[in-house]
Asker: 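Have a look at this one.
Per chain, numbering begins at 1; letters A, B, ... match sequence-line order.
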Number of protein chains: 2
Amino acid sequence: MAIDPSADRPVYKQLADLIRARIEGGELRPGQRLPAESDYVAEFGISRDSVRRAMAMLRGEGLIVTELRGSRVREAGEAATVEIAPGTQVTARMPTEPERRQIGVAEGVPVLVITDPSGETRLLAADRTIVKAGDEG
Amino acid sequence: MAIDPSADRPVYKQLADLIRARIEGGELRPGQRLPAESDYVAEFGISRDSVRRAMAMLRGEGLIVTELRGSRVREAGEAATVEIAPGTQVTARMPTEPERRQIGVAEGVPVLVITDPSGETRLLAADRTIVKAGDEG
DNA sequence: ACGTATTTGTACGTATGTATC
DNA sequence: AGATACATACGTACAAATACG
């Protein structure tokens, strides 16, 4: 699998596809370190800009996390189950950056917005929470 | 409010903060067109790169959508309510790009993963769906 | 304790492509 | 056709955090 700069699909998306396939195919396992940006630059002869765009894309999809020392495949992590009463509403959205820091959630992770029948809302990190509908409060 | 290149917080984050505050403060209303990238370049004397990073950040937060003609504040849109039976589990995550296209959901919008007691799952766009726990199937 | 190497973060520049008005 | 505006993609440079010897 290689990258074709003359293809219709942008270089950075091709690289993201390639890495995504390696993650979903199990070639890159949860917790495993990804090659450095410079490795991809050297391997495919593309610019660092393109590599960084690809990484940003995968980060946005929640597939990888990036720290100063490199990126790694996100680990699923055990999610706690929260039971909710009938009439409770649930939706999700991306947190703003201040919220993200406050809740202590990584980039690329949505928050669950849980509104109970009284109108009170809770914000929970979607990667640490599974909401289960119960038959009573 | 201005941007201080010598501040600790990066220029692009300062700009994102500024635009986010304008959105949350109602100065920029849902559906309203944002100034062009070049306007921000001129207004604050920063590079287009920094402006684009700020926009990407806000896009990732689901606050704005960007098209070829410019960016605008995302409109909430009427969300349909879906009732779920007791025992049904709900969580959320970001879709991968192929999923995003398949479901027809904009960038920056998470998907709700709904698993009924039999184990079957549904993917729904979180900005168009509110899940409501019912007291029976 | 210190310097060095590695790696990502930020920020500037330039150029070309493409869609819209 | 021309102007506008965003998308992609290359380049460079320096800063900051971490890891290593």
Asker: Salt bridge or not for A:K13 and A:D17, using N-O below 4.0 Å?
Answerer: no

Asker: Whether the side chain of A:Q32 engages the backbone of A:V73 through a donor-acceptor N/O pair (distance < 3.5 Å, no angle test) should be reported.
Answerer: no

Asker: Any side-chain heavy-atom pair from B:R48 and B:S38 closer than 4.5 angstrom?
Answerer: no

Asker: Can you tell me the distance, in whole Å, between the OH atom of A:Y40 and the C1' atom of C:dT6?
Answerer: 17 Å

Asker: Can you pull the contact range of chain B along DNA chain D, 5' to 3', using atoms under 4.0 angstrom from its heavy atoms?
Answerer: D:dT4 to D:dT8

Asker: Please give the nucleotide sitting opposite D:dA13 as a Watson-Crick or G-U wobble pair, both distances under 3.5 Å, or none.
Answerer: C:dT10

Asker: Report, as a single string ordered 5' to 3', how protein heavy atoms within less than 4.0 Å touch nucleotides 11-21 of chain C: B base, S sugar-phosphate only, - not at all.
Answerer: BBS-----SBS

Asker: Does any part of the side chain of A:I84, heavy atoms only, come nearer than 4.5 Å to the side chain of A:D116, both counted from C-beta?
Answerer: no

Asker: Quick one: does B:T91's side chain have a donor or acceptor within less than 3.5 Å of a partner on A:T129's backbone?
Answerer: yes

Asker: Keeping the roles fixed (side chain from A:R74, backbone from A:G62), state whether a donor-acceptor pair exists under 3.5 Å.
Answerer: yes

Asker: May I ask you to test the A:V65-A:R72 pair for a side-chain heavy-atom distance under 4.5 Å?
Answerer: yes

Asker: Does any non-hydrogen side-chain atom of A:P98 lie less than 4.5 Å from one of B:R20?
Answerer: yes

